[in-house]
2 protein chains.
Amino acid sequence: MIRFDSGDELLLVLEALSNPHRLKIIAVLSEGRQYVSHLARELGISRPLLYLHLQKLEEANIVSSDMEILETGQAAKYYQLNDFQFELNEKNIHDLSSSLTMKKKK
Amino acid sequence: MIRFDSGDELLLVLEALSNPHRLKIIAVLSEGRQYVSHLARELGISRPLLYLHLQKLEEANIVSSDMEILETGQAAKYYQLNDFQFELNEKNIHDLSSSLTMKKKK
DNA sequence: ATCATATGTAAGTATTTTATTACATATGTA
DNA sequence: TACATATGTAATAAAATACTTACATATGAT
């Protein structure tokens, strides 16, 4: 069960989830870990684009990655879903809203 | 308890939630219904901007609105939070991912 | 050596989202 | 009438996000 320590952290997770590709990635990874190139083929998107989405998921702590050597001897970067489950309701949004920063991104 | 009938609907809600202003709006409305101009002053943002955010929340069915006549005789548009609570986990994302459209927005 | 596999990223473009400015209309009060 | 309140929206600008193209490196197999 994810625990949000601040509104900013909640927002980071919500932003990571609000994209169809990233929801698909989560769906695929829920069936098991997978490496980047394979994932890209399965999702039908380019690897650079997949990287971008995986980064956002990783920054939000929804997935994590490990390098591993395939049977062929080549290096592969495996991604897996971190245990991920949470509940949202008016109360916890209210409680977290005070620790919500309205700062610009860049 | 919100029930998502499709991945697209889930995404709509997640997109509506992934903005600090909109989370603040939800937090304020969780304390009671309020009309637009008052809300804008409370949040410290312009009314046109607030409109934009309220529209997104309304499209996602998170809030709803009613016109009402103030004691002064003027019309006011009141917004209230719809009962709002849901749980997210790998399983329901997996289940909903098949009904996720990857279409462009406009 | 060439081909297929893998990771990694920089640079540029396109699209979407967010925000501002400037209006319009209407009601009530001084 | 002039001022304060309210809603509503169009047009534009700015910022953030998403996506593509083009590379680089490395491993193993043919």
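Atoms considered below: every heavy atom in the structure, side chains included; atoms not considered: hydrogens, waters and symmetry mates. Chain naming here is simple, since letters A, B, ... match the order of the sequence lines and numbering starts at 1 in each.
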Visitor: Any side-chain donor-acceptor pair under 3.5 Å between Asp66(A) and Gln80(A)?
Guide: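 Side-chain D/A pair, Asp66(A) to Gln80(A): present.
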
Visitor: Calculate the interatomic distance between Leu49(A) atom CG and dT15(C) atom P; express it in whole Å.
Guide: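 Those two atoms, CG and P, are 14 Å apart.
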
Visitor: Measure from CG on Leu17(B) to P on dT18(C) and round the result to the nearest Å.
Guide: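 From Leu17(B) CG to dT18(C) P: 12 Å.
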
Visitor: Rounded to whole Å, please give me the gap between CD1 in Ile45(A) and C1' in dA18(D).
Guide: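 One finds 11 Å between C1' of dA18(D) and CD1 of Ile45(A), rounded.
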
Visitor: Is any side-chain heavy atom of Ser37(B) closer than 4.5 Å to a side-chain heavy atom of Arg41(B)?
Guide: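 They are in contact (side-chain heavy atoms under 4.5 Å apart), so the answer is yes.
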
Visitor: Could you tell me the separation between the CG atom of Leu70(A) and the C1' atom of dT27(D), rounded to a whole number of Å?
Guide: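 So the CG-C1' distance, Leu70(A) to dT27(D), works out to 10 Å.
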
Visitor: For DNA chain C, please output the secondary structure as dot-bracket, reading 5' to 3'. Pairs are Watson-Crick or G-U wobble, both atom distances under 3.5 Å; mark crossing pairs with [ ], other-strand partners with |, unpaired with a dot.
Guide: ||||||||||||||||||||||||||||||

Visitor: Would you say Thr101(B) and Leu11(B) make side-chain contact, with heavy atoms under 4.5 Å?
Guide: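 Side-chain contact under 4.5 Å: no.
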
Visitor: Check for a donor-acceptor pair, side chain of Asn89(A) on one end and backbone N or O of Asn92(A) on the other, with a separation under 3.5 Å.
Guide: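 Confirmed, Asn89(A) side chain pairs with Asn92(A) backbone.
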
Visitor: Kindly compute the distance separating CD1 (Ile62(B)) from CG (Leu81(B)), expressed to the nearest 0.5 Å.
Guide: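 Reported value, rounded in 0.5 Å steps: 8.5 Å.
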
Visitor: May I have the distance from Tyr79(A) (atom OH) to dG8(C) (atom C1'), rounded to whole angstrom?
Guide: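 Taking OH of Tyr79(A) and C1' of dG8(C), I get 11 Å after rounding.
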
Visitor: Using whole Å, report how far CG of Leu11(B) lies from P of dA18(D).
Guide: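 Roughly 11 Å, once rounded to whole Å.
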
Visitor: What's the spacing between Glu9(A) CD and Leu96(A) CG if we round to 0.5 Å?
Guide: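 Glu9(A) atom CD to Leu96(A) atom CG measures 9.0 Å (nearest 0.5 Å).
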
Visitor: Could you walk me through whether Phe84(A) and Leu17(A) pass the side-chain contact (heavy atoms from CB on, under 4.5 Å) check?
Guide: CA-CA 12 Å; Phe84(A) 149 72; Leu17(A) 294 176; 4.1 Å; yes

Visitor: Could you check whether any side-chain N or O of Ser65(A) sits under 3.5 Å from a backbone N or O of Tyr79(A), counting only pairs where one atom can act as donor and the other as acceptor?
Guide: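 No, Ser65(A) side chain to Tyr79(A) backbone: no donor-acceptor pair under 3.5 Å.
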
Visitor: Could you check which residues of residues 26-41 of chain B get a heavy atom under 4.0 Å from DNA chain D? Sort them by number, please.
Guide: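 Correct list: Tyr35(B), Val36(B), Ser37(B), Arg41(B).
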
Visitor: Please check if atom CG in Asp5(B) has more than 12 non-hydrogen atoms from other residues, nucleotides or ligands closer than 6.0 Å.
Guide: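 Count over threshold, so yes.
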
Visitor: Given atom CG of Leu50(A) and atom P of dG8(C), what is their separation to the nearest angstrom?
Guide: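 It is 12 Å, rounded to the nearest whole Å.
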
Visitor: Just the rounded figure in Å: distance from C1' of dA4(D) to CD of Glu71(B).
Guide: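 It works out to 17 Å between those atoms.
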
Visitor: Would you confirm whether Arg33(B), through its side chain, and Tyr78(B), through its main-chain N or O, come within 3.5 Å as a donor-acceptor pair?
Guide: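 Absent.
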
Visitor: Please work out whether the ring planes of His53(B) and His21(B) are parallel, tilted or perpendicular, with thresholds of 30° and 60°.
Guide: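 It falls in the tilted class, 30° to 60°.
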
Visitor: If you restrict it to nitrogen or oxygen atoms, what contacts under 3.5 Å exist between nucleotides 9-17 of chain D and the protein, and what is each distance?
Guide:
{"residue": "dA16(D)", "atom": "OP1", "partner": "Lys105(A)", "partner atom": "N", "Å": "2.8"}
{"residue": "dT17(D)", "atom": "OP1", "partner": "Lys105(A)", "partner atom": "NZ", "Å": "2.9"}

Visitor: Here's a test of your reading of the structure: between Ala76(B) and Gln74(A), which maps to the more 5' nucleotide of DNA chain D?
Guide: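 Looking at DNA chain D, the more 5' nearest nucleotide goes with Ala76(B).
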
Visitor: Starting the side chain at C-beta, find the nucleotide from dT7(D), dG8(C), dA6(D) nearest to Lys77(A).
Guide: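 The closest nucleotide is dG8(C).
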
